[in-house]
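These notes concern the structure reproduced below.
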Amino acid sequence: MSPIPSLLLLIIIPAVLAADGGKKKLMHIHQYTHETLSGPNAMEGLLVPSPFDANAMFGQVAVFDDELRTGRERDSPLVARYQGIIVAMGQVLQGHLTVATVVFVTGEHAGSALSVEGCFQGFQGTSKRNIVGGSGKFRMARGYYLLKLLSQMSPATAVSEVDFFVLPCDSAYL
């Protein structure tokens with residue numbers, strides 16, 4: 001490699017990093033998931049039962065298509081869809097692997113999506129998972145999110161509070 005391209009990289013890279021002061025601002029997005037667990041409009045469903053035992057959870061696979069809304073009330077504005085799969089894992093330490101996409105359908109993030117994944121051991125307390133990428137305004141994003149079950153509105157519905165903490169990609173990479 002000739003010294004000229006190397007020299008250019010030494011000049012360009014620090015200039016690009018300095019363009020935003022070397023700091024990206026952590027975004028906080030606060031929403032509520034609304035789940036319909038059963039009935040004709042269910043947003044969650046078991047696809048594959050456990051192959052080990054009729055009462056076992058290990059190996060179960062389920063899908064979900066929950067709504068993200070601005071408030072706890074069912075009629076609050078829809079912001080996004082929270083869509084993905086859940087796999088029950090662990091025979092000794094039981095947990096669930098969640099892989100999902102949060103697709104923003106309205107508001108300032110409409111047309112963008114976050115890719116999220118992580119394990120949780122049930123709905124006691126707050127569940128923490130990873131943000132591992134995205135699209136649109138969230139291309140190559142990273143961060144984490146917190147999910148806390150607020151209430152079981154009925155045997156068929158539940159509402160959870162969700163806080164996304166997103167570090168967007170450096171614009172130099174877009």
Side-chain angles (χ1 to χ4, degrees), residues 13-14 16-37 42-48 50 57-72 76-150 158-174:
I13 290 175
V16 167
L17 292 174
D20 70 353
K23 297 179 183 176
K24 295 305 279 179
K25 190 170 187 171
L26 187 68
M27 297 171 61
H28 177 214
I29 302 169
H30 182 77
Q31 303 296 320
Y32 295 86
T33 62
H34 290 261
E35 301 174 274
T36 302
L37 307 169
M43 296 178 198
E44 294 194 12
L46 182 65
L47 288 181
V48 179
S50 175
M57 289 186 63
F58 181 65
Q60 288 181 346
V61 179
V63 294
F64 60 93
D65 180 13
D66 297 337
E67 299 172 336
L68 278 178
R69 296 186 173 271
T70 59
R72 292 180 184 209
S76 61
L78 177 70
V79 176
R81 302 299 300 201
Y82 179 47
Q83 304 169 319
I85 61 171
I86 301 170
V87 179
M89 51 189 197
Q91 292 203 42
V92 177
L93 176 61
Q94 291 187 346
H96 297 82
L97 174 65
T98 304
V99 179
T101 301
V102 177
V103 181
F104 291 89
V105 295
T106 63
E108 67 180 296
H109 307 300
S112 297
L114 288 170
S115 298
V116 298
E117 65 86 31
C119 181
F120 71 100
Q121 267 78 36
F123 283 105
Q124 288 74 34
T126 300
S127 185
K128 303 162 190 82
R129 296 189 198 109
N130 308 309
I131 294 172
V132 295
S135 64
K137 293 178 182 179
F138 299 121
R139 188 178 333 170
M140 295 176 58
R142 60 184 185 211
Y144 65 98
Y145 72 107
L146 307 172
L147 182 83
K148 180 179 181 183
L149 179 64
L150 295 177
V159 175
S160 297
E161 184 174 31
V162 62
D163 287 285
F164 297 96
F165 296 93
V166 185
L167 189 60
C169 175
D170 189 321
S171 61
Y173 299 116
L174 300 178

Requested in this report: Show the numbers, then the answer: is there a side-chain contact (heavy atoms from CB on, under 4.5 Å) between Phe64 and Thr33?
Outcome: CA-CA 11 Å; Phe64 60 93; Thr33 62; over 6 Å; no
For residues 102-112, please give each side-chain donor-acceptor pair under 3.5 Å, one per line with the distance, not counting sequence neighbours.
from: Thr106; atom 1: OG1; to: Leu78; atom 2: O; distance (Å): 2.7
from: Ser112; atom 1: OG; to: Lys137; atom 2: N; distance (Å): 2.8

To the nearest 0.5 Å, tell me how far [X] [atom1] sits from [Y] [atom2].
X      : Y      : atom1 : atom2 : result
His34  : Tyr82  : NE2   : OH    : 14.0 Å
Arg69  : Asp66  : CZ    : CG    : 11.5 Å
Cys119 : Asn130 : SG    : CG    : 10.5 Å

Among residues at least two apart in sequence or on other chains, which ones pass side-chain contact (heavy atoms from CB on, under 4.5 Å) with [X]?
X      : answer
Val48  : Val61
Leu97  : Met89, Val99, Glu117
Thr70  : Gln31, Ser76, Pro77, Val79
Leu167 : Lys24, Leu26, Arg142

Query - Test side-chain contact (heavy atoms from CB on, under 4.5 Å) applied to Tyr145 and Ile29, step by step - result: CA-CA 9 Å; Tyr145 72 107; Ile29 302 169; over 6 Å; no
Report summary line: For Tyr32, the side chain to side chain donor-acceptor pair (under 3.5 Å) test, sequence neighbours excluded, returns His30
Query - Contacts of Thr36 that satisfy side chain to side chain donor-acceptor pair (under 3.5 Å) - sequence neighbours left out - result: Arg74
**Report entry** Check: Ser50 side chain, Phe58 main-chain N or O, donor-acceptor pair, under 3.5 Å
**Finding:**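 Flag set: sc Ser50 to bb Phe58 pair under 3.5 Å.
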Report task. Taking salt bridge (Lys or Arg N to Asp or Glu O under 4.0 Å) as the test, write out the residues that go with Arg81, two or more places apart. Result ->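 Expected list: Asp65, Glu67.
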Query raised in the report: Among all residues two or more places apart in sequence or in another chain, which pass the salt bridge (Lys or Arg N to Asp or Glu O under 4.0 Å) test with Asp163?
Result: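 Partners of Asp163 by the salt bridge (Lys or Arg N to Asp or Glu O under 4.0 Å) criterion come out as none, since no residue qualifies.
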Query raised in the report: Do Leu149 and Ser160 pass the side-chain contact (heavy atoms from CB on, under 4.5 Å) test, and can you show the C-alpha distance, the side-chain angles, and the key distance before you say yes or no?
Result: CA-CA 4 Å; Leu149 179 64; Ser160 297; 3.6 Å; yes
**Report entry** Qualifying residues under ring pair (Phe, Tyr, Trp, His ring centres under 6.0 Å), relative to Phe165, sequence neighbours excluded
**Finding:**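 His28, Tyr144.
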